[in-house]
Amino acid sequence: MAGGIFQDRARFARFLHVQHRFHTDIAPLYAREDLNAALPALATRARLAQVRADLHALGVEVPRVSGEVPAARMPLPTALGWLYVAEGSQLGAAVILKLAAALGLSASFGATHLAPAPAGVAAHWRHFTAALDAIELDATEEALVVAGARAAFTRVHAYVREAFA
């Protein structure tokens with residue numbers, strides 16, 4: 001918010017670049033068989049295609065992404081931490097979507113990746129966290145989940161600093 005993403009569409013496009021980088025990082029997680037077995041309907045939660053559509057809607061070129069997060073090879077607990085951050089961001093997306101309306105953006109144009117799930121934001125989150133809580137993890141694995149979440153937050157914060165420097 002401090003980056004002034006609602007100042008104009010150009011600033012919002014910077015926010016979309018951040019989203020694009022992060023969702024590119026995590027896209028392989030939504031396709032992993034082990035994660036889809038543990039978290040039902042996970043594949044349907046991926047939002048990279050919507051972020052790309054939002055960039056196109058605003059006439060912004062989809063940026064090339066450099067650097068790699070080995071999402072396809074992360075241990076399952078670490079991947080769960082990354083997904084926790086990604087799915088938790090949907091809670092804030094509802095607020096961002098409302099504010100983006102001042103720029104003429106909506107769940108059907110330019111801010112589609114922020115659209116709430118058909119069941120609603122809260123129900124969508126509760127379903128995800130219930131599935132996450134049902135996964136049996138030992139103390140070491142739980143620590144990996146926390147480390148994964150921290151790494152995801154750190155990555156997003158770095159992207160924000162770069163986009164709004």
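Between L105 atom CG and D54 atom CG the span is 8.0 Å, to the nearest 0.5 Å. Distance NE2/H127 to CG/L132: 12.0 Å, rounded to 0.5 Å. Here the CG atom belonging to L29 is positioned 8.5 Å from the CH2 atom belonging to W82, to the nearest 0.5 angstrom. Rounding to the nearest 0.5 Å places CG of L83 at 5.5 Å from CG of L42. For the atom pair CG of L48 and OH of Y30, the computed distance is 10.5 Å after rounding to the nearest 0.5 Å.
You'll find the side chain of E162 reaches within 4.5 Å of the side chain of R21, heavy atoms only. Here the side chains of F12 and Q7 are not in contact, with every heavy-atom distance at 4.5 Å or above. Taking 4.5 Å as the limit, every side-chain heavy atom of V85 sits out of range of all side-chain heavy atoms of I26. Counting heavy atoms from C-beta on, the side chains of V145 and T78 never come closer than 4.5 Å. A 4.5 Å side-chain heavy-atom check between L35 and L80 finds at least one atom pair inside the cut-off. Proximity of D25 to Y159: side-chain heavy atoms (C-beta onward) are separated by under 4.5 Å at one or more points. When side chains are defined from C-beta on, V156 does not count as touching S89, because their heavy atoms never get closer than 4.5 Å. Residues H20 and V62 form a side-chain contact, since some pair of their non-hydrogen atoms from C-beta on lies under 4.5 Å apart.
Follow the hydrophobic side-chain contacts under 4.5 Å out from V95 and you reach I5 in the same cluster. A continuous path of ILVMFWY side-chain contacts below 4.5 Å connects L55 to I96, so both sit in one hydrophobic cluster. Under the 4.5 Å side-chain heavy-atom criterion for ILVMFWY residues, a single connected hydrophobic cluster contains both F6 and F109.
A side-chain donor-acceptor contact under 3.5 Å links R32 to the backbone of M74. Here the side chain of E141 pairs a donor or acceptor atom with the backbone of D138 at under 3.5 angstrom. Counting only distance, with no hydrogens or angles, the side chain of R45 and the backbone of H124 share a donor-acceptor pair below 3.5 Å. No side-chain donor-acceptor contact under 3.5 Å links N36 to the backbone of A41.
The shortest non-hydrogen separation linking A107 to T112 is O-CG2, 3.3 Å. Residues G110 and A57 come closest through the heavy atom pair N-CB, 3.9 Å. Across every non-hydrogen atom of L97 and A115, the tightest pair is CD2-CA, 4.2 Å. In plain terms, the two heavy atoms of G4 and R11 that are nearest each other are O-CB, 3.3 Å.
For the residue pair H23 / R52, no side-chain donor-acceptor distance below 3.5 Å is found, with atom types taken as modelled.
Ring centers of Y84 and W125: under 6.0 Å apart, within the cut-off.
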The test is side chain to side chain contact (heavy atoms under 4.5 Å, CB included); show your working for R14 and F164 and say whether it passes.
CA-CA 7 Å; R14 289 185 191 192; F164 292 96; 3.5 Å; yes

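Just one of H113, Q90, Q19 meets the side-chain hydrogen bond (donor to acceptor under 3.5 Å, both in side chains) condition when paired with R47; it is Q90.
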